[in-house]
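Inspection log for the structure reproduced underneath, given as structure tokens.
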2 protein chains.
Amino acid sequence: MTSRGKRFGAPHDGASRPTADKSERGIPEATVARLPVYLRALVTLSDRGIATCSSEELATAAGVNSAKLRKDLSYLGSYGTRGVGYDVEYLRYQIAREIGVTQDWPVVIVGIGNLGHALANYSGFSSRGFRIAALLDADPGRQGEVVGDLPILAFDRIEELVAEHGVAIGVIATPAPAAQAVCDRLVAAGITSILNFAPTVLAVPEGVDVRKVDLSIELQILAYHEQRKAGLLDRIDPGLPDTTPAMPGKTTTAKAVG
Amino acid sequence: MTSRGKRFGAPHDGASRPTADKSERGIPEATVARLPVYLRALVTLSDRGIATCSSEELATAAGVNSAKLRKDLSYLGSYGTRGVGYDVEYLRYQIAREIGVTQDWPVVIVGIGNLGHALANYSGFSSRGFRIAALLDADPGRQGEVVGDLPILAFDRIEELVAEHGVAIGVIATPAPAAQAVCDRLVAAGITSILNFAPTVLAVPEGVDVRKVDLSIELQILAYHEQRKAGLLDRIDPGLPDTTPAMPGKTTTAKAVG
DNA sequence: AGGAGTTTGTGAACGTGGGAACAAACCGAG
DNA sequence: CTCGGTTTGTTCCCACGTTCACAAACTCCT
């Protein structure tokens, strides 16, 4: 789902890089997306004082099957012990290192409306490898207000934050019409990873990653399946034929059956 | 990503159902996930007064390539005109009907904390085929408070809402420790689709769909790629060897080289 | 030490998804 | 009516992701 031009370790050349270590390159995107889930499951196990777990146990905690879990972990290296399982602390560290959350990443949030407030107050940020470096908003009426220990700064400060604090990740929580302009400005300032909450498709240059979180898309996907479930039981087609737009053209010219 | 046991229209039997229409069954999950994006792009085009568009134009607006767009739309039927393109209003209605958002779905939100407030005030709900039927919270101190025109009700009211108002979709915005219990109660009450904002893996029975929105997972995926980008330039490994947990066991028993 | 039991890591088979390329179909001009 | 230009719908092929199944490797018990 990451809008990257090309994968990094594309397996186009099997014979290149004879020194290529297993964990060096080429972790599949689907696996990358699950590593944070495994990490969270390991943290939970660790908090419960569990020192060792099998792939079956960890897979259950993460909501996947054990074969997938083992294959995913095999891309990182051989961190388990056959006949025993995985050491929770050790595996937790290895995954955290692979993801890159052994130290905190500074993050800026742009657009402190309803959602931005909620994000600024979200405690899960700081606990899992991220730190809110600043809250930005273009509206002068909001600037200066303190939200969750941080003041809202002018959006103009973005270049300064990137240059002086090494911020690389930006969160866009603005209304949809402003998102693309904000995105362009973030990219120009040097931001290379963007998490977009605005319901818009963002266009970014090569080398910038965008991930989107979209409430209404998720709901619509659920609605599709829900409709299917209902249709299987009721066999009632809820489509209103009255408001159906007519098919344009399509005169079909009755060419067959001649 | 939907945690459904089995796909509905699994293509296990090509010869069954001779009356199987094209749009009847078997739209790939990846396509379903993109239909809402196409729908939004069409709404935008419609608002601009554009009556017709080519697959290339619509694909650009949706952030995909035209081949993928055409293939996706072909699963729904032949709604375009060769040599011309797609009628915006007509295609918009067809996609909306396929997704099931031609009329509104009632939705309940459980857990009206920071995030729940933001969701309750989110205007994109009502505009795109969904209607907030109720806000629920288990905390009596929050009950009665009015958020975005709706009062917060006791969580106990969930059965009543499902039975009397036909609510089928639930949004979980509670803290993580409460999420599974809330989920179980929703499922028991008859909810069959759940959108989970709590950072936990939810276990649900067959036939219930769960989709999750997880901020910290998205950020960690971005961090992984960000780390890779930095590594390609700097070749600095930021891993601190001091705090590395020791590999347990792995005595290796030096059996080879004998 | 040796064997039984357990669990990881991985090779192979299978299904799904993405993209190029092309035939079919439509429009408009002459 | 015919021809050239345009755009869709579909087919084919390849890459990716998932799952099965099993050898390798480890522990424990005798």
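Every chain is numbered from 1 and lettered A, B, ... according to where its sequence line falls, protein lines coming before strand lines.
B:Asp72 places its CG atom 13 Å from the C1' atom of D:dT10, with the value rounded to the nearest Å. Atom C1' of nucleotide D:dC22 and atom CZ of A:Arg82 are separated by 11 Å, given to the nearest angstrom. Here C:dG9 presents its P atom at 7 Å from CG of A:Leu73, a figure rounded to the nearest Å. In this structure, A:Leu58 atom CG and C:dG9 atom P are separated by 12 Å, rounded to whole Å. Put simply, CD on B:Glu56 is 9 Å from P on D:dT7, counting in whole angstrom units. Taking atom CG of residue B:Leu69 and atom P of nucleotide D:dT8, one finds them 8 Å apart after rounding to whole Å. In this structure, CZ of A:Arg34 is placed 8 Å from P of D:dG17, rounded to the nearest angstrom. For the pair B:Lys68 NZ and D:dA15 P, the computed distance is 16 Å after rounding to whole Å.
How far SG of B:Cys183 is from CG of B:Asn196: 7.5 Å, rounded to the nearest 0.5 Å. The CG atom of A:Leu58 sits 8.0 Å away from the OH atom of A:Tyr38 when rounded to the nearest 0.5 Å.
At least one donor-acceptor pair under 3.5 Å links the side chain of A:Thr60 to the backbone N or O of A:Glu56.
Side-chain nitrogen and oxygen atoms of A:Asn65 include none within less than 4.0 Å of the OP1 or OP2 phosphate oxygen of D:dT18. Regarding contacts with the backbone of C:dT7, every side-chain N or O of A:Tyr79 stays at 4.0 angstrom or more from both OP1 and OP2. Between A:Tyr86 and C:dG9 there is a side-chain polar atom (N or O) within less than 4.0 angstrom of OP1 or OP2. For D:dT8, the OP1/OP2 oxygens have a side-chain nitrogen or oxygen of B:Ser55 closer than 4.0 Å.
Side chain of A:Pro28, nearest nucleotide from D:dC26, D:dG17, C:dG17: D:dG17. In this structure, the nucleotide among C:dG11, D:dG9, C:dG9 sitting nearest to the side chain of B:Arg70 is D:dG9.
Considering only heavy atoms from C-beta on, A:Arg211 comes within 4.5 Å of B:Leu222 through its side chain.
Along DNA chain D, the nucleotide nearest A:Ala30 and the nucleotide nearest A:Val84 are compared for position; the residue whose nucleotide lies closer to the 5' end is A:Ala30. For A:Gly83 and A:Ala67, each mapped to the nucleotide of DNA chain C holding its nearest heavy atom, the one lying further toward the 5' end belongs to A:Gly83.
A:Lys71 contributes no side-chain N or O that forms a donor-acceptor pair with the base of D:dG17 under 3.5 Å.
Taking the charged nitrogens against the carboxylate oxygens, B:Arg228 and A:Glu98 do have a contact shorter than 4.0 Å, which makes a salt bridge.
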